[in-house]
Amino acid sequence: MRLSAPFGTRIKRDTRVFFSFNGTRLNGFEGDTVASALLAADVQLMSRSFKYHRPRLGLTFAGDDAATLVTIDHRANCFADTETLGQAMEVTSQNHLGSLEHDLGAAIGLLARFLPVGFYYKAFYRPKGIWELWAKFFRRSAGLGRINPSKQKVVPRTKRYLHVDHLVVGGGYHGMRAALDIANDGKSVLLVEQDPVLGGSLLYSRIDPEGVVAGRLAQELIGQIETNSNIEVMTTAHCNGWYADHYVPILQGHNLFKIRASGVTLATGSLEQPAVFRNNDLPGVMLGSGVQRLVHLYGVKAGHRAVIIAGNDEAYGLALDLLDADIEVAAIIELRAEPVKSGTRSALMESVVERGVRIITGAEPHAAVARRGHLSAIQLRGQASKEVHVAQYEPLETIECDLLCSSVGFLPQYQIPCQAGARLRFDEEDNCFTLDGLPRGFQLAGSITGKWGLDEPAPDPSHSWPIFPHPQGKEFVDQDEDLQIVDIVNAVADGFTHVQLVKRYSTVGMGPSQGRHSALATAKITAAANRTTIDETGVTTARPPLRAEPLAASAGEVFFPARLSSMHEAHSKLGAQFLHAGTWYRPACYPRPGEDRIACIEREVINVRRNVGMIDLSTLGGIDIRGPDASELLNRLYTGGFKGLAIGKSKYALMCNEAGVVIDDGVAARLAETHFYVTATTTGVENVYRQMLKWNVQWQLDVDITNVTSAYCVVNLAGPKSKEVLARLTTTDLDEDAFPYLGVREGEVAGIPARLLRVGFVGELGYEIHVPQTLGRHLWEALAAVGATFDIAPFGVEAQRLLRLEKGHIIIGQDTDAMTHLRELEMSWAVSRKKPFFIGDRTTAEIDTTRMTRRLAGFTVESANRMDVPQESQLVLEGDRMAGRVTSAAYSPTLDKIVGLAYVPATSAEGDTITIRVDHGHGLQATLCELPFYDPQTERQRVPDISVDVIEETLPERTSLISGSRSDLGNGVVIVDRTLSDRCGIRGRTAASWLESLSMLVPDKPNCAQVQKDGTLLARLSVGEFLFLGSSNYLGCHPDGADSNYSLPRADSHAWLVLSGAHSRELLQAVCSIDLRPRSFLDGDVAQTLMFGISVILIQSEGIFHLCADITSSQYLYDALGESINSMSI
Amino acid sequence: MKTLLCPLNGIRNIDEFIYGGEYHVEPDRKQVDRKAWAEHVFFDTNSAGVVTEWWCHTPSSFWFLADRDTVTDEVINTYPFSIDPVER
């Protein structure tokens, strides 16, 4: 039934909202919650309880109990008391067999006596196998609600970063006061409120007999908040946890805000706690504050004749509210003795007495009585001692009522402070909880402190023992889980004395409300059963999230970084299947229509052996090492000796860590006396580069180290006809004498400046062609076009793996593990003994003095059956003993047998037979043999003697790696792809003074940018590194070698996006974790940070933002920005 | 999420950094006995209290040292490796 205005402040009575409940058409008002509309329509039953299927109608009306869980439009487990009513909502009740009114599941309640606490733990051990029978039953009754997968809607969800000076959670009296105080100090404040409007309990509780103070205070404060420009308010928003350094997630609708604040004030108040007595869960038994919410906010009259159980003065404010709402107050059961004595009465109590309400003292609730499933009366008894059992009692009168409100105590919202490291203490003297040990910058305000009142903190108005055991039980401590007093007492009796164990044994506090209305009673009963104090007992840990949140909130909108070479589109057109290598997408193979994967790989292998193949190796790591100490650095980092390496030659480079474990390999090419170009493995290069920097921070060698992986697009052209293809595209002399095996040459290929390395990884004559990334697409097309007459075919990573296996080349990480030493690989040839040291030398020397247990060896199986190929990591057996494992194996189409690599006992020798345990436990016999399997004399490296005419080509146009870009993405953000514009990098110990000598305006400290006279932009990234946007001519001077300054190939390693438009800053703030607020990130500021999981350089200059990021991730970055703009609808 | 103060870039979320292990002064690899060498390579002091650690800010590849209290997980100070670094 509805009350007339002024009751119902939150509803708009002129707008009807139609909905259905279990198929019955009902209506409410705009502003109603689902629960308030149901109660207004006189619905007497909302749900069935979890275990005993008892009828429930709602307890807290604040989203803190499981009684209001319903399914709304196929969304299971919505809290009807916080869910805003919407037009045409289909609401259905949960957890019943048959109809809500006639629930067959309620029969389980009759068995309650046979379902003691810990039932699950006790019941299923014996007889053996009984669990199988029970499981079917439990599986059916476990969980709440039903999910209909076909009806689920996928709602786009966003995550955004937000920086504020101070975060205040809780928009009640104390939250608003705190926000105003902090804002008046000039700080920016974000005030977060879970309800749709500010005000908190001021909007429904009664402070004074006339009932005007609370509303007036609310209006005043809300007015001040609204006019304060330093305060931003976020309503219907939930704070579900606190993380280190004030990182606080706020959920609002479908948005997850990741707040970073300098300080946090929590003013989330305290939660009213129910009294514990028999049938305290009947429909009609509610918390006083819940009834006040219904009356004031929604104008819902929850009953006609009420009885109030009073443990504090709040009960009298409640009584006045009920009287004003025309609800008869049959009696107030005053549990306290003193307040009723005249002279100590509060103003509220005086007023209640004046209005003739009967106040009963010396009595306590015995049991609530039901009629047709709803509360009909309360039985009273004489006050008994504070015990967990009732031995004797004195029956008193029974009072008829259809509404029973309790107002007996509160519990501070201790959960989030405790997550932040605070300790919860119980002050026995003041009968209240307090919190101490808060982290720096973390404050509490209001009743969360345990103290009560507006301006003068008073002790928490909680009754010390609102717990009334009944001989027949059913006094519910936890209404989510249907746990009674006896369950807690028995848990302690069974030996689970600690409150944490009580929880795990009984499941108290494990329901949807996570103990928010059961923790206090549990603590009290556990303390009493243990004959100890509440302080010693404490409460159980409450981990985030504080309230139930959809998994989609954290799972939604996740970005997976992707790196693509500039040839990616060509691979896609050829129908490549891709595989992931780190964040790279690499072609695994290029199957033709109808071709299976294995046949495809074998075809690609055979084509490389017979004709010529091309593979995109752009993912291969590339590191530039320049400076007088370049060779010294390599000598220390790699096992080999590099000082004597001739210019124009390359050498295998093997890297160990200090433990002597092989961690990476590549090729080091000497381009000049002081310049090496070193390759590294695709997934290893990042770590190799970082380790190089870390070592050189300590060594301080005069050398520059740059990761240039993305700056180059690399193709390995391999096969007997590779020279014939390449010779048509380059003037570089490819004859054996001019360009021998392991040679390095700089030249042009198809008009593109290129670096050529003669390599033999796949065991054929081959050329690695390294070209600038933005010209890579052209190289691929040129090779494919010229190669067509020589049956050129692309080959993928799978074919390369097989080719190198035939040649006996190992792959670090596949054929090695975290224990593999040089000796086990028989790679002592790669170690130089003529230098002072290298990383790992000492440990290697120690290992060499010990007995070797295993070694990596080649094996063959003389069987053409591809089905017999052993799998990686299958065991090598020596009798019954594990003696090693297979690391690589494949059927070799070239050799028509199975070849592989495996760790085998160190004592084994070539020609020995080993047993590999393959699928189904079968043993496969294999023969150890010398490596390589293919071309042991390296005859395939012979260069054919041919001469051809070179097809003349001019330097082609560079291409961006972003396809389909359009500049205006709408919503006030314009993104321009300037990847093809000029830019470069400069680094060196005197780079700053060198630039100054060229009359440039040099920023005086790192992470600043300066606009030059000609409009170009110079950004300083560190003491000695600069990024120069808008020019590539170094002002007519090339820095390489000049005073130890070096150029960095930024035009090819980094994409360049320019963001402008009214909302560009807003977009960047939302997607970037650093503080980009206008007063924090100024014009001329530079930030090197992460965005969508990749490294970026962000520069603000003259009101626009320049974003530079790894060029191979540029499509990913561009798409992610576009998606973010769309999903944010900014 | 924790934050860490990078001496070059300022306060950043911890996911911008990688941990580089405890800082050790390397013993003379030629002179030290094998037991002491093994200690150096394979063991961290892992003490409860303030330890010095290597950290790298990954977007800028900047290595630095941090004094961190392993009991409170509080970072007391961060600074570049050398007093007079040749920063690049």
Side-chain angles (χ1 to χ4, degrees), chain A residues 161 243-247 258 260 421 440 657-660 686-687 689-691 693-698 700-707 836-837 840-843 845-846 849 987-989 991 1006-1007 1021-1025 1044 1046 1073-1075 1086-1091 1093-1097 1109, chain B residues 1-21 23-44 53-65 72-75 79-88:
Chain A
Y161 292 99
Y243 299 87
D245 296 328
H246 305 308
Y247 197 53
K258 299 189 259 190
R260 177 73 76 182
R440 212 175 299 147
N657 62 15
E658 279 285 41
E686 214 154 335
N687 182 47
Y689 174 60
R690 273 188 208 133
Q691 290 306 314
L693 293 176
K694 187 181 171 194
W695 282 115
N696 204 40
V697 163
Q698 298 163 80
Q700 305 272 306
L701 294 174
D702 187 359
V703 64
D704 181 78
I705 307 163
T706 310
N707 185 349
F837 82 99
D841 64 341
R842 174 68 200 262
T843 315
E846 295 293 348
T849 65
R987 186 161 57 198
R989 57 177 73 200
N1007 288 320
L1021 303 180
S1022 71
V1023 172
E1025 179 171 343
S1044 293
Y1046 304 94
S1073 68
I1074 61 170
D1075 186 358
V1086 176
Q1088 300 170 69
T1089 184
L1090 294 181
M1091 198 180 277
I1094 61 168
S1095 295
V1096 296
I1097 300 164
Chain B
M1 193 186 295
K2 269 187 87 66
T3 55
L4 188 62
L5 177 68
C6 171
L8 177 65
N9 295 286
I11 292 174
R12 294 303 167 83
N13 279 2
I14 199 77
D15 66 357
E16 293 197 6
F17 300 87
I18 58 155
Y19 173 63
Y23 171 68
H24 294 258
V25 178
E26 191 182 303
D28 183 341
R29 58 208 305 132
K30 301 275 185 230
Q31 302 298 322
V32 68
D33 68 39
R34 66 185 294 177
K35 188 168 181 301
W37 180 254
E39 287 274 334
H40 167 67
V41 173
F42 296 106
F43 291 91
D44 275 350
E53 298 169 335
W54 282 107
W55 285 86
C56 177
H57 180 247
T58 55
S60 61
S61 297
F62 182 75
W63 282 100
F64 58 94
L65 296 174
T72 61
D73 197 24
E74 190 182 355
V75 178
Y79 46 94
F81 169 75
S82 140
I83 303 154
D84 180 24
V86 183
E87 282 176 81
R88 296 255 168 119

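Letters A, B, ... mirror the listed sequences (proteins, then strands); counts begin at 1.
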State which residues pass side-chain contact (heavy atoms from CB on, under 4.5 Å) with Lys258(A); sequence neighbours excluded, sorted by chain then number.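 For Lys258(A) the side-chain contact (heavy atoms from CB on, under 4.5 Å) partners, ignoring immediate neighbours, are Lys159(A), Tyr161(A), Tyr247(A).
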
Can you tell me which of [options] forms the most heavy-atom pairs within a distance under 4.5 Å of chain B?
{"options": "Asp841(A), Val1096(A), Ile1097(A)", "answer": "Asp841(A)"}
{"options": "Leu1021(A), Asp1075(A), Leu693(A)", "answer": "Leu693(A)"}
{"options": "Val1086(A), Asn1007(A), Asp245(A)", "answer": "Asp245(A)"}
{"options": "Gln691(A), Glu846(A), Arg690(A)", "answer": "Arg690(A)"}

Please flag which part of [X] lies under 4.5 Å from any non-hydrogen atom of chain B: side chain, backbone, both or neither.
{"X": "Ala1087(A)", "answer": "both"}
{"X": "Asn707(A)", "answer": "neither"}
{"X": "Gln698(A)", "answer": "both"}
{"X": "Thr849(A)", "answer": "side chain"}
{"X": "Leu1090(A)", "answer": "both"}

Between the main-chain N or O of Trp695(A) and the side-chain N or O of Trp63(B), is there a donor-acceptor pair closer than 3.5 Å? no

Any side-chain donor paired with an acceptor under 3.5 Å for Thr843(A) and Glu658(A)?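 Side-chain D/A pair, Thr843(A) to Glu658(A): absent.
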
Can you label the angle between the Phe64(B) ring and the Phe17(B) ring as parallel, tilted or perpendicular, going by 30° and 60°?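 Plane angle over 60°, so perpendicular.
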
Is [X] close to chain A through its backbone or its side chain, or both, or neither, when contacts mean heavy atoms under 4.5 Å?
{"X": "Asp15(B)", "answer": "both"}
{"X": "Arg34(B)", "answer": "both"}
{"X": "Ile14(B)", "answer": "neither"}

What about the rings of Trp55(B) and Tyr19(B), do their centers lie closer together than 6.0 Å? yes

Are any of the side-chain heavy atoms of Cys6(B) and Phe62(B) separated by less than 4.5 Å? yes

What distance do Ile705(A) atom CD1 and Lys694(A) atom NZ have between them, rounded to the nearest 0.5 Å?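 Atom-to-atom, Ile705(A):CD1 and Lys694(A):NZ are 13.5 Å apart.
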
Is it true that Glu26(B) and Arg842(A) make a salt bridge, defined as a side-chain N closer than 4.0 Å to a carboxylate O?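 A salt bridge is absent here (no side-chain N lies under 4.0 Å from a carboxylate O).
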
